[in-house]
Amino acid sequence: MATYEKILLKNMEQPGYTGSLADYEGTGGYRALRTVLRDMQPDQVIEVVKKSGLRGRGGAGFPTGVKWGFIPKNHPGPKYLCCNADESEPGTFKDRQLMERDPHQMLEGMAITCFAIGAQTAYIYIRGEFRLGAKILEQALQEAYAAGYLGNNILGSGLTINIYVHLGAGAYICGEETALLESLEGKRGMPRFKPPFPATHGLYQNPTVVNNVETMANIPHIINRGGEWYASIGSPPKSCGTRVFCLSGHVKRPGNYETPMGITFRELIYDLGGGMRSDKPLKAFIPGGASAPFLTPDHLDVKMDFESVALAGSMLGSGGVTVMEEGTNMVWAALRLMEFFYHESCGKCTPCREGTSWLVQTLQRIWNKRGRPEDVGVLDELCGNIPGRTVCAFGDAAVSPIVSTLLHWRGEYEALIREAQETMPRNKEIPVFTP
Amino acid sequence: MLIDRFKNEVEDILSRYPVKRSALLPLLNLAQREEGFVSESAMKEIAKVLGLTPAQVFETVTFYTMFNLKPIGKFHLQVCKSLMCALVGSDEVVVWIQKKLGIAQGQTTADNLFTLSVVECLGSCGTGPMMQVNDDYYEQLSEEKVGRVLDDLKRDGTCSLKTGPFMYPQPLAK
Ligand SMILES: Cc1cc2nc3c(=O)[nH]c(=O)nc-3n(C[C@H](O)[C@H](O)[C@H](O)COP(=O)(O)O)c2cc1C
Ligand code: SF4
């Protein structure tokens, strides 16, 4: 099995490493912040991050340095950084580990980002359920303030940077960056129309960068070891660096695995994850969180980088890989995910609000052996009418479990419907859906 | 009055935001922490502090699933049922709890100790099946483990099986 140099998980995997400030400093922590404050201009920091090829780890994979470059230089009011720690894409559980095991790594990244974009205030928007993570971050912040890495006149530079933890309250959609901003403003977490983008009209209508926890955690290492170094890892030029992949489902050893981008799904699932948990073979996997279309065993040798997964018809998304063994019914799997999307739709757009409800009802009907021959067509039509007609990308994501399972396993839908036709008494009322 | 009792904490919260309304979720979280749910009087108090109407507070509260508008049991058992947990047996966890406590989803035990909810993904997909009880996560559940958690909570108010700072898989000993 190939071994890889880890970047983000390296410290926390050392025996006895607690994530305290002393431990973090002992591994060279906050050296990058010192370098930046002493030797660099904000523009130079942005250049280094651009050169590194780092792309956002929250799902969309937008180039981080480019995003920072959109922040207007001469804006008269405040600018903000928001770290997206909402982590609620089913299949994803890496940010939790990064925050709870090595909180200073991301805090240092945030401080450097604040310097680069000229923000004095940053918020960590953490999902409401992560109470332990929030507590650990609060403690880490106290340490960082006491040591002069945060607050007024940090490290004698004259700069002020304050970071606050802000707990959400249970809403997946608040991970979408503009919904996150709405929620942080104390409102219902409903996404905003874009444009304007957060880079110009973000928090309180001021220029704002929203970046994922893992994105932030990469920054100190890029500063310390250089953009070229980072850009040489993984699958350059488009997918540089490592990723923390989250493996779940029917595998022997689920969990978080950091590898360079560009290893294959086979390596992740069979070498690192130990293969299938029982003797049943692999039937399907989701390559990048619940929003990513399902793939089949034929795709096991696809490389885990942004472009290769997109070419295979899915997306690398948040890096959550979920494995399903033979015997898992794909209608059932799609229904489980659809129930999630139905529950989490914020309700702003009609196609998404009504469409997810309709899709769940239709899938429940099929799964409960009450399906009608025309139901597969109903699914096709609904799935064709939601994407691209909504305010946020949730609408596109919500149909992907159905579209992809219909593509690869349409026969399973048809079999359930055939069974229904054979067993269902004629003219029986179709049961009404109760959420 | 809630706000008076936690004056320092409330002031600390307010000091973090340039716009008062941003303190809404943190204050609601505080109210729920203290009372177990968000009461109407708490909403009114918070509205006053933030210069909002009670309706503005209410409209926001109802968006977020973590806020309880009614009192619930002392321990809120929330079992994740999303696909990743379902693949490894979360539906059984629900059955185990129902069997042991005699309550269905959404119900509270007669002694007001436990309320059972079935929820969507809690970010612990590699260590399922799992449940959250108040602030704590309990993962890789088996029937025996669930039994121990419930017994411990009932007897001691706490249980040592909860997850600490998360790392999985644990690094192999060198
Ligand atoms: C429905 C939806 C949910 C999202 N959830 C998250 C999330 O939980 N965490 C996250 O970091 N990004 C999430 N995103 C992506 C964010 O909108 C945003 O792109 C990201 O935080 C930007 O950070 P990055 O450039 O560092 O990836 C979500 C997007 C959508 C459309
Ligand atoms: S697509 Fe869905 S989640 Fe996104 S804004 Fe519209 S209704 Fe809300």
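Chain identifiers are assigned alphabetically (A, B, ...) following the order of the sequence lines, protein sequences preceding nucleic acid strands; residue numbering begins at 1 within each chain.
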Report which part of [X] has an atom under 4.5 Å of a heavy atom belonging to chain A: side chain, backbone, both, or neither.
{"X": "B:N29", "value": "side chain"}
{"X": "B:L122", "value": "both"}
{"X": "B:D91", "value": "side chain"}
{"X": "B:Y17", "value": "both"}

Query raised in the report: Which one, B:V119, B:V88, B:V19, B:I13, leads in non-hydrogen pairs under 4.5 Å with chain A?
Result: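 Ranked by heavy-atom pairs under 4.5 Å with chain A, first place is B:V19.
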Is it true that a side-chain atom of [X] and a backbone atom of [Y] form a donor plus acceptor pair closer than 3.5 Å?
{"X": "B:T60", "Y": "A:K187", "result": "no"}
{"X": "B:T65", "Y": "A:G170", "result": "yes"}
{"X": "A:R336", "Y": "B:K81", "result": "yes"}

What part of [X] gets closer than 4.5 Å to chain B, counting heavy atoms only: side chain, backbone, both or neither?
{"X": "A:T18", "answer": "neither"}
{"X": "A:I286", "answer": "side chain"}
{"X": "A:F340", "answer": "both"}
{"X": "A:T328", "answer": "side chain"}
{"X": "A:L9", "answer": "neither"}
{"X": "A:C174", "answer": "side chain"}
{"X": "A:L167", "answer": "both"}
{"X": "A:Y17", "answer": "neither"}
{"X": "A:E325", "answer": "neither"}
{"X": "A:Y123", "answer": "side chain"}
{"X": "A:V251", "answer": "neither"}

Query raised in the report: What's the verdict on side-chain contact (heavy atoms from CB on, under 4.5 Å) for B:L25 and A:H166, showing C-alpha distance, side-chain angles and the deciding distance?
Result: CA-CA 8 Å; B:L25 260 55; A:H166 185 97; 4.2 Å; yes
Sub-4.5 Å side-chain heavy-atom contact between [X] and [Y]:
{"X": "B:T62", "Y": "A:R188", "result": "yes"}
{"X": "B:M84", "Y": "A:S248", "result": "yes"}
{"X": "A:K135", "Y": "B:D135", "result": "no"}

Query raised in the report: Yes or no on side-chain contact (heavy atoms from CB on, under 4.5 Å) for A:E182 and B:F63, after CA distance, side-chain angles and deciding distance?
Result: CA-CA 12 Å; A:E182 286 287 299; B:F63 186 82; over 6 Å; no
Let me confirm one number: the [atom1]-[atom2] distance from [X] to [Y], rounded to the nearest 0.5 Å.
{"X": "A:L247", "Y": "B:C125", "atom1": "CG", "atom2": "SG", "answer": "11.0 Å"}
{"X": "A:F93", "Y": "B:M130", "atom1": "CZ", "atom2": "CE", "answer": "11.5 Å"}
{"X": "B:Y64", "Y": "A:S183", "atom1": "OH", "atom2": "OG", "answer": "3.0 Å"}
{"X": "A:F130", "Y": "B:Q132", "atom1": "CZ", "atom2": "CD", "answer": "9.0 Å"}
{"X": "A:E129", "Y": "B:S124", "atom1": "CD", "atom2": "OG", "answer": "11.0 Å"}
{"X": "B:N134", "Y": "A:R131", "atom1": "CG", "atom2": "CZ", "answer": "10.0 Å"}

Out of [options], which one racks up the most heavy-atom pairs below 4.5 Å with chain B?
{"options": "A:E339, A:E89, A:M324", "value": "A:E339"}
{"options": "A:T121, A:L184, A:V323, A:I173", "value": "A:L184"}
{"options": "A:E100, A:E87, A:R101", "value": "A:R101"}
{"options": "A:S88, A:G19, A:G189, A:A333", "value": "A:G189"}
{"options": "A:G186, A:G91, A:P78", "value": "A:G186"}

Heavy-atom neighbours of [X] [atom1] exceed 12 at 6.0 Å:
{"X": "B:F58", "atom1": "CZ", "answer": "no"}
{"X": "A:K6", "atom1": "NZ", "answer": "yes"}
{"X": "A:K10", "atom1": "NZ", "answer": "no"}
{"X": "B:E40", "atom1": "CD", "answer": "no"}

Requested in this report: Please name the pair of heavy atoms, one in B:C121 and one in A:P90, separated by the smallest distance, quoted to 0.1 Å.
Outcome: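 Heavy atoms only, the tightest pair is SG-CA, 3.5 Å.
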Query - Atom of B:P18, atom of A:Y80 and distance for their closest heavy-atom approach - result: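 In terms of heavy atoms, the two residues are closest at CG-OH, 3.4 Å.
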**Report entry** For chain A, which residues of residues 155-168 of chain B have heavy atoms nearer than 4.5 angstrom
**Finding:**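 At a heavy-atom separation under 4.5 Å, chain A is reached by B:T163, B:G164, B:P165, B:F166, B:M167, B:Y168.
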